[in-house]
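Notes to accompany the following structure.
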Amino acid sequence: GPSGIEQVATLAGVSQVVSAVVGAAGLLPTLAAIRAGKHIALANKETLVMAGELIMAEVARMGVTLHPVDSEHSAIAQGLDAGRREDVSRLVLTASGGPFFRRPDKDLATVTPAEALAHPNWSMGKKISIDSATLMNKGLEVIEAHHLFAIPVEQIEVLIHPQSIVHSLVEYRDGALIAHLGIPDMQIPIAYALSFPERLDLKLPRLNLAAAPNLEFQAPDHQRFPALRLACQACQDGGTLPAALNGANEVAVEAFLAGAISFTAITGIVTETLRCYARREADALATILAADTEARQIAKALVDSGFGS
């Protein structure tokens, strides 16, 4: 249970903790590890989505490092090494678009969990696969990037890039765009987070640009996939709204996987939950956890009422 995970995350003699627990369950053990002086390789974006300001303040207070494992944030971290932070004009997160990028709107309500889990480029767990299909995952990554790199959310953009070869970009004020390219294999960013500042000699195929497919980039369609816009708005409004957004989304995704709601109802339930939820200042861990609980209760009631079934 939770206390066991926290015990593992704070074991004496451990210098670095990989936080890869799925969802909000990763927050407390990650925080415990930081407070125990452990360096963090973060694969649990919900930790920063829910409590980004608190987490980054504790990282600074304890003098530990936090290296992102997500391929997009690893790419940005490396792109930021190319210049001064004050010269950064924007961050660009790339997204594959998920399995339904080219699916007609009229068919989205009837997609099955099996279809939504079939990501075209990455092999991932169920929760993140569904989030990628709705583009909520990219919205959560925007919030994560906002806290990780201390960049206003207004300076973070998303581009659909179906080939998943350009993992993200950093733009500087002189117009230079620093892009990180590589094959879509999570071993690369995981190894980088674990071995930093060294690089491991990974026995992986190399990216052959001459043989690579044409690289496409498109702006996201917020009408078809409103989850990205929802997440960015929650980040702008701040307080406990990102925690509420995340809690409602976890409930909705679980309901979809169980066959209780339709695919399009996932975002509908998150939208309705945020409409019913009253924002608070995220000034204490207890307040953040209470927001998560309240949002889950609202979302669960919506599922039980037949919303989106």
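Values reported hereafter were calculated over all heavy atoms of this structure, with side chains retained and with hydrogens, waters and symmetry mates removed.
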Donor on one side chain, acceptor on other, Thr293 and Gln297, under 3.5 Å: no
Salt-bridge criterion met for Lys138 and Glu144 (N-O under 4.0 Å): no
Verify the cluster assignment for Phe149 and Phe196: are they in a single hydrophobic cluster under the rule of side-chain heavy atoms below 4.5 Å apart? no
Treat each ILVMFWY residue as a node, draw an edge where side-chain heavy atoms are under 4.5 Å apart, and state whether Val111 and Phe101 are in one component. yes
Any donor and acceptor pair, going by atom type alone, linking the side chain of Glu281 with main-chain N or O of Thr287 inside 3.5 Å? no
In sequence, state the C-alpha distance, the side-chain angles, and the governing distance for Arg35 and Arg61, and then conclude on side chain to side chain contact (heavy atoms under 4.5 Å, CB included). CA-CA 9 Å; Arg35 288 174 171 170; Arg61 184 178 72 86; 4.1 Å; yes
Matching residue for Ile156 among Ile143, Leu93, Ile76, Val92 - test: side-chain contact (heavy atoms from CB on, under 4.5 Å): Leu93
Which distance, rounded to the nearest 0.5 Å, do you find between the OG1 of Thr273 and the CG of Leu302? 5.0 Å
Could you tell me whether Glu294 and Arg279 make a salt bridge, using a distance below 4.0 angstrom between a side-chain N and a carboxylate O? no
Taking every heavy atom of His146 against every heavy atom of Cys235, the minimum-distance pair comes out as CD2-SG, 3.6 Å
Determine whether a donor-acceptor pair (N or O, by modelled atom type, separation under 3.5 Å) exists between the side chain of Thr240 and the backbone of Ala243. no
Less than 3.5 Å apart, any donor N or O on the side chain of Asn137 or Lys45 sitting next to an acceptor on the other? yes
Salt bridge check: are Asp201 and Lys203 linked by an N-O gap of less than 4.0 Å? yes
Any Lys/Arg nitrogen of Arg103 or Glu115 sitting under 4.0 Å from an Asp/Glu carboxylate oxygen of the other? yes
Measure the spacing between CG of Leu66 and CD1 of Ile34 and express it to the nearest 0.5 Å. 6.0 Å
Might you confirm whether atom CD of Gln7 has over 12 heavy atoms from other residues, nucleotides or ligands at distances under 6.0 Å? no
Closest heavy-atom contact between Ala36 and Thr10? CB-CG2, 3.8 Å
Side-chain touch His39/Met62, heavy atoms, less than 4.5 angstrom: no
Would you say Glu53 has more than 12 foreign heavy atoms packed within less than 6.0 Å of its CD? no
Listed by chain and number, what are the salt bridge (Lys or Arg N to Asp or Glu O under 4.0 Å) partners of Arg199, not counting sequence neighbours? none
Output yes when a side-chain donor or acceptor of Tyr277 lies under 3.5 Å from a complementary backbone atom of Leu241, and no otherwise. no
Point-to-point distance, once rounded to the nearest 0.5 Å, from CZ of Arg90 to CD of Gln155: 10.5 Å
Heavy-atom closest contact (Val69 atom, Pro189 atom, distance): O-CB, 3.3 Å
Ring-plane angle category for Phe263 and Phe100, please: parallel below 30°, perpendicular beyond 60°, tilted otherwise. perpendicular
Show your reasoning for whether side chain to side chain contact (heavy atoms under 4.5 Å, CB included) applies to Thr267 and Met136. CA-CA 8 Å; Thr267 307; Met136 179 61 82; 5.7 Å; no
Here the pair of heavy atoms bringing Ala116 nearest to Phe256 is CB-CE2, 3.9 Å
Donor-acceptor pair, distance only, cut-off 3.5 Å: does the side chain of Thr94 make one with the backbone of His167? yes
Distance, nearest 0.5 Å, that separates CG of Leu48 from CG of Asp70: 10.0 Å
For Thr30 and Leu42: C-alpha separation, side-chain torsions, deciding distance, then whether side chain to side chain contact (heavy atoms under 4.5 Å, CB included) applies. CA-CA 8 Å; Thr30 304; Leu42 187 68; 4.2 Å; yes
Report the C-alpha distance between Gln236 and Glu154 in whole Å, list the side-chain angles of each, state the deciding distance to 0.1 Å, and finish with yes or no for side chain to side chain contact (heavy atoms under 4.5 Å, CB included). CA-CA 8 Å; Gln236 285 180 319; Glu154 295 82 6; 3.4 Å; yes
So, for Ala282 and Gly239, which heavy atoms are closest and what is the spacing to 0.1 Å? CB-O, 3.5 Å
Can you name the nearest heavy-atom pair linking Val14 to Lys38, along with the distance? O-NZ, 2.9 Å
Evaluate whether atom CD of Glu171 has more than 12 neighbouring non-hydrogen atoms of other residues, nucleotides or ligands under 6.0 angstrom away. yes
Enter the distance from Leu209:CG to Ile165:CD1 here, rounded to the nearest 0.5 Å. 7.5 Å
Please report the interatomic distance CG(Leu245) to CG(Asp237), rounded to the nearest 0.5 Å. 11.0 Å
Asp131-Asn249 side chain donor-acceptor pair, cut-off 3.5 Å: yes
Less than 4.5 Å apart, any side-chain heavy atom of Val166 and any of His180? no
State, yes or no, whether a side-chain contact exists between Glu6 and Leu28 at a heavy-atom distance under 4.5 Å. yes
Is Val22 reachable from Leu257 through a run of I, L, V, M, F, W or Y residues, each pair having side-chain heavy atoms under 4.5 Å apart? no
Heavy atoms, side chains only, cut-off 4.5 Å: are Val158 and Leu228 in contact? yes
Just so I know, are the side chains of Val8 and Pro29 near enough to count as touching, which here means a heavy-atom distance under 4.5 Å? no
Polar contact flag, side-chain donor to acceptor under 3.5 angstrom, Asn44-Thr47: yes
With a 6.0 Å cut-off (strictly less than), is the heavy-atom count around NZ of Lys127, excluding the residue itself, greater than 12? yes
Hphob cluster co-occupancy, Phe225 + Ile269, side-chain heavy atoms under 4.5 angstrom: yes
Give a yes or no on whether Phe217 and Leu177 share a hydrophobic cluster (residues Ile, Leu, Val, Met, Phe, Trp, Tyr; joining criterion: side-chain heavy atoms under 4.5 Å apart). yes
Could you check whether any side-chain heavy atom of Pro162 comes within less than 4.5 Å of a side-chain heavy atom of Arg102, counting everything from C-beta outward? yes
Does the side chain of Leu135 reach to within under 4.5 Å of the side chain of Ile160, using non-hydrogen atoms? yes
Just wondering, do Leu80 and Arg85 contact through their side chains at under 4.5 Å, heavy atoms? yes
